[in-house]
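Only one structure is covered here, and it is reproduced in the block below.
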Amino acid sequence: MKANESIDETYLNIYELLYERYGPQYWWPADTPFEVVIGAILVHHTNWANVERSLEKLAPYLSDPETLARLPEETLAKLIRSSGFYRVKAKRIRAFLRWFQQYDYEFQRVKKVHQENIREELLQIYGIGQETADVILLYVFHIPVFIADRYARTIFQRIGIHVPRTYDGLRKQVENHFPKDANLLNEFHALLVTHGKTYCKKTPICDYCPLRTMCSRLV
DNA sequence: ATCCTGATTA
DNA sequence: TAATCCGGAT
């Protein structure tokens, strides 16, 4: 139990150090819940800058899922070309739209029908995996989940925390040792991504890292 | 374990 | 020129 207590403090400490350095992140970067979903699919293994270009081309459709659903797959694919994997991603967006249509393209109805098992429902959609499902849960439905993405895994591992191998393993560990608060989890994920992009990247830049004091790499 | 893919970076 | 980018399906 002693190990759990120390993990408990560690995740909160990380959050506080990151927040002190980077400040509020105002996530997810989107104007509407529907745009959150599109962005989350487009960003698969892709730089966000490439996603923004696609979102600009999709701008006329982002306020109207029904019209986007009527676009032929290859037309959609061309619009999102800059995001890479554009053929698969076009299929994934259309798969989501087919599912979304059942609820008249309204997230409110999704929540009413499913209440507790939105995650399972989302995971059945082609192209929506665990991370994307959690992004939707947190940033669309404001349900408190931890997004156990690559950045989080890398950052925690480098610090010296014993990180579970699976996605759900890490997700649950953090959820068990961090406040179950959608606003805090929103900010935590955003801060981890920002930190992963600026300091804790593939080859980390450890000078002036906000987590220096607790990182096992540095001592 | 491999494939999907364009744009930027090292 | 190769590696990398807020993954997921096969």
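The model shown is predicted, which means the values in this text are computed figures rather than measured ones. Numbers restart at 1 for each chain; the letters A, B, ... are given by sequence-line order, proteins then strands.
The salt bridge (charged side-chain N to carboxylate O under 4.0 Å, His left out) check on A/Glu35 picks up nothing, with sequence neighbours excluded. Take A/Glu56 and apply the salt bridge (charged side-chain N to carboxylate O under 4.0 Å, His left out) test, not counting sequence neighbours, and it matches no residue. Residues forming a salt bridge (charged side-chain N to carboxylate O under 4.0 Å, His left out) with A/Asp181 (at least two apart in sequence, or on another chain): none. Remark: A/Asp64 engages A/Thr67 in a side chain to side chain donor-acceptor pair (under 3.5 Å) (not counting sequence neighbours). A/Glu106 meets the salt bridge (charged side-chain N to carboxylate O under 4.0 Å, His left out) test with A/Arg109; sequence neighbours excluded.
From the 5' end on, the contacts that DNA chain B makes with chain A at under 4.0 Å to a non-hydrogen atom open and close at B/dC4 to B/dT8.
Using a 4.0 Å heavy-atom cutoff across all strands shown, A/Ile128 reaches sugar-phosphate atoms only and no base atom. Counting any heavy atom pair closer than 4.0 Å across all strands shown, A/Lys197 reaches a base atom. A/Asp149 comes within 4.0 angstrom of nothing in the nucleic acid, heavy atoms only. Contacts of A/Thr203 with the nucleic acid, taken as non-hydrogen atoms under 4.0 Å apart, are absent. Residue A/Arg87 is classed as a sugar-phosphate contact, given heavy-atom separations below 4.0 Å to backbone atoms only.
Through side-chain heavy atoms spaced under 4.5 Å, either directly or across other Ile, Leu, Val, Met, Phe, Trp or Tyr residues, A/Tyr26 is tied to no other residue.
For the pairing with A/Leu42, the side chain to side chain contact (heavy atoms under 4.5 Å, CB included) check across A/Asn50, A/Val37, A/Leu55 returns one residue only, A/Leu55.
Between A/Arg119 and A/Asp168, at least one side-chain N (NZ, or NE/NH1/NH2) sits under 4.0 Å from a carboxylate O, which counts as a salt bridge.
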Name every donor-acceptor pair, under 3.5 Å, that has one atom in a side chain of residues 16-23 of chain A and the other anywhere in the protein, sequence neighbours excluded.
unit_1	atom_1	unit_2	atom_2	d
A/Arg21	NH1	A/Tyr199	OH	3.1
A/Arg21	NH1	A/Tyr208	O	2.8
A/Arg21	NH2	A/Tyr208	O	3.1
A/Tyr22	OH	A/His195	ND1	2.8
A/Tyr22	OH	A/Thr198	OG1	3.2

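Listed in residue order, the members of residues 71-84 of chain A having a heavy atom less than 4.0 Å from DNA chain B are A/Arg81, A/Ser82, A/Gly84. Residues from residues 184-194 of chain A lying near DNA chain C, meaning a heavy-atom separation below 4.0 Å, are A/His189, A/Val193 in numerical order.
Distance noted for atom P between C/dT1 and B/dC4: 22 Å (whole Å). Taking atom P in both B/dT5 and C/dT10, the straight-line distance is 14 Å, to the nearest Å.
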Practice item. Please test A/Thr154 against A/Lys201 for side chain to side chain donor-acceptor pair (under 3.5 Å), starting from the C-alpha separation and ending with a verdict. Key: CA-CA 8 Å; A/Thr154 301; A/Lys201 23 189 190 183; over 6 Å; no
Please test A/Ser82 against A/Ser54 for side chain to side chain donor-acceptor pair (under 3.5 Å), starting from the C-alpha separation and ending with a verdict.
CA-CA 6 Å; A/Ser82 69; A/Ser54 299; 2.9 Å; yes
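Per the geometry, CZ belonging to A/Phe96 stands 19 Å off C1' belonging to C/dA9, to the nearest Å. The CG atom of A/Asn47 sits 18 Å away from the P atom of C/dA3 (whole-angstrom rounding). In this structure, the NE2 atom of A/His44 is 14 Å from the P atom of C/dT10, given to the nearest Å. If you measure from atom CG of A/Leu42 to atom P of C/dG8, you get 13 Å, rounded to the nearest angstrom. A/Leu123 has its CG atom 11 Å from the C1' atom of C/dG8, to the nearest Å. Spacing between atom CZ of A/Arg153 and atom P of C/dG7 amounts to 13 Å, rounded to whole angstrom units. A/Ile136 has its CD1 atom 13 Å from the C1' atom of C/dG8, to the nearest Å. With rounding to whole Å, A/Arg94 atom CZ is found 21 Å from C/dG8 atom P.
For the atom pair CD1 of A/Ile159 and OG1 of A/Thr213, the computed distance is 9.0 Å after rounding to the nearest 0.5 Å. To the nearest 0.5 Å, the span separating CZ on A/Arg153 from OG1 on A/Thr166 amounts to 7.0 Å. Taken to the nearest 0.5 Å, the NZ atom of A/Lys112 stands 15.5 Å off from the CZ atom of A/Phe107.
Every pair passing side-chain hydrogen bond (donor to acceptor under 3.5 Å, both in side chains) that includes a residue from residues 91-101 of chain A is listed here, sequence neighbours excluded: A/His44-A/Arg92, A/Trp99-A/Glu121.
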Each base of DNA chain C marked ( ) or [ ] if paired in-strand (Watson-Crick or G-U under 3.5 Å), | if paired to another strand and . if unpaired gives |||||.||||
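The nucleotide whose nearest atom lies closest to any side-chain atom of A/His45 is, among C/dA9, C/dG8, C/dC5, C/dC5.
Between A/Phe85 and A/Ala49, the residue anchored closer to the 5' end of DNA chain B is A/Phe85, taking for each the nucleotide with the nearest heavy atom.
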